[in-house]
Protein chains: 2
Amino acid sequence: MSTKRVEQLHAQGLRTRASLLEVAREAFEESRDVSLNSIAKRAGVGIGTLYRHFPTREDLVFELYRDQVQRLTRASGELLDEHSPQEAFRLWLERFARYAMTKAGLLEVLRTATAHGRFAQVGRGPVADAVEHLLVANQEAGTLRADLTADDVLLAVAGLYQLDPSAEDWERRAHRLLDLVLCGLRPRD
Amino acid sequence: MSTKRVEQLHAQGLRTRASLLEVAREAFEESRDVSLNSIAKRAGVGIGTLYRHFPTREDLVFELYRDQVQRLTRASGELLDEHSPQEAFRLWLERFARYAMTKAGLLEVLRTATAHGRFAQVGRGPVADAVEHLLVANQEAGTLRADLTADDVLLAVAGLYQLDPSAEDWERRAHRLLDLVLCGLRPRD
DNA sequence: TTGTTTGACGGAGGGTTCTCCGGATAAGTT
DNA sequence: AACTTATCCGGAGAACCCTCCGTCAAACAA
């Protein structure tokens, strides 16, 4: 049967893929800049195989943090359930900042994921969707300007990507930035 | 005499340095991603020589746009002479955006120059100084919140670095961003 | 004039990224 | 069992980045 065959063939591919991801996760925990070469070697796989599974370095890193990003985007709904739109929005932005800073690689992922690039095209990106969700709720509540788009918001908080997670003052700077942004997004008068 | 000797020795170095810069400028106009190898070759110089003059790629690019950056930073004073602090601030930010977008390489330079990195340490960077200048004038006029720092401002407009100069809508997006930022920086009530 | 010093030069070399294609292996076919 | 096909694997190879060090020539001193 065709489907079984596909599964079998995939089985092999999926195994090496999983192996690659596991090795990559370990490697990235040790240091941020790992050579793809070394990952392939540590996974006991040719470099060509790695590239077939993950055509670019970004693809690999993105996959590593996929669940983290998902958890973040899902949080928008949960926060809206438990808090007022205004609070939910602020809490979500703070979580966004914390996520971006905590795991070093995530920052890069979030930046490219929110930029208008390859990832953004997929339904304009899950992150943009989460923002949109929060945005609409706040606009209906009248706590955010009605003319805003998710794009506006993501651009406004882009300063987060400039922060250096290894510096101790990133938290203070991030806090100030979010304050300014939230102030600017409020309805005029 | 010692100074003459230094000048003579420098003369040689300066010539190759100038040659490198000239070639680099041409090369970068053709395409953004040029190999340092090719620049060295086109300048008729060994790759080692290039690296001695410009230890990192950033150093080279930064040098290419040094005068552009200077012109931008100087504009802060001129604008303050000719306009109200508020207008000067807005006009300067718009010029900042335009500069960053027009010359492709400049965007990268401005980002690293404003980030807290190597360049920023030198007197916290000329760009930061320009912002500081405008900021103080506005705070004295009461048109910007008194607790703001240049760092805050630069973080707030960092969204500009996310824009894609080759897309047609960057101008609209930049405009919206600046609107939001200026709104957020105004004194509360 | 003949060392000697000192800065500048060139490129080999090790490590990386990414591409490309021939080889292997399993599923399906006759 | 022999053959075909689809899929995956591996690594050679081209291009690049950056470092390191031996060489060279100008400037100066003896």
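First the proteins, then the strands, lettered A, B, ... as listed; each starts at 1.
Around atom CD of A:Glu22, no more than 12 heavy atoms belonging to other residues, nucleotides or ligands sit under 6.0 Å away.
In this structure, NZ of A:Lys41 is placed 13 Å from C1' of D:dG10, rounded to the nearest angstrom. Straight-line distance from the CD atom of A:Glu58 to the P atom of C:dT17: 14 Å, rounded to whole Å. One can place CG of A:Leu20 at 13 Å from C1' of D:dC8, the figure rounded to the nearest angstrom. Protein atom CZ of A:Arg15 is 14 Å distant from nucleotide atom P of C:dT25, rounded to whole Å. As a whole-Å value, the separation of A:Leu14 CG from D:dC9 C1' is 15 Å. For the pair A:Leu50 CG and C:dT17 C1', the interatomic distance rounds to 11 Å; values are reported in whole Å.
Expressed to the nearest 0.5 Å, how far CD of B:Gln162 lies from CZ of B:Arg173 amounts to 8.5 Å. Taken from SG in B:Cys183 to CZ in A:Arg186, the straight-line distance is 9.0 Å, to the nearest 0.5 Å.
Taking all atoms of both residues into account, the shortest heavy-atom contact from B:Thr16 to B:His53 is OG1-NE2, 3.2 Å.
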Task: Letter per nucleotide, 5' to 3', of nucleotides 11-22 of chain D [B base touched, S only sugar-phosphate touched, - untouched; heavy atoms, 4.0 Å] - done: BB---SSBB---
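Between A:Asp152 and A:Asp147 the shortest side-chain heavy-atom distance does not fall below 4.5 Å.
Just one residue in the list A:Thr143, A:Asn138, A:Val136 forms a side-chain contact (heavy atoms from CB on, under 4.5 Å) with A:Glu140, and that residue is A:Val136.
Proximity of A:His53 to the phosphate of D:dC9: a side-chain N or O atom is located under 4.0 Å from OP1 or OP2.
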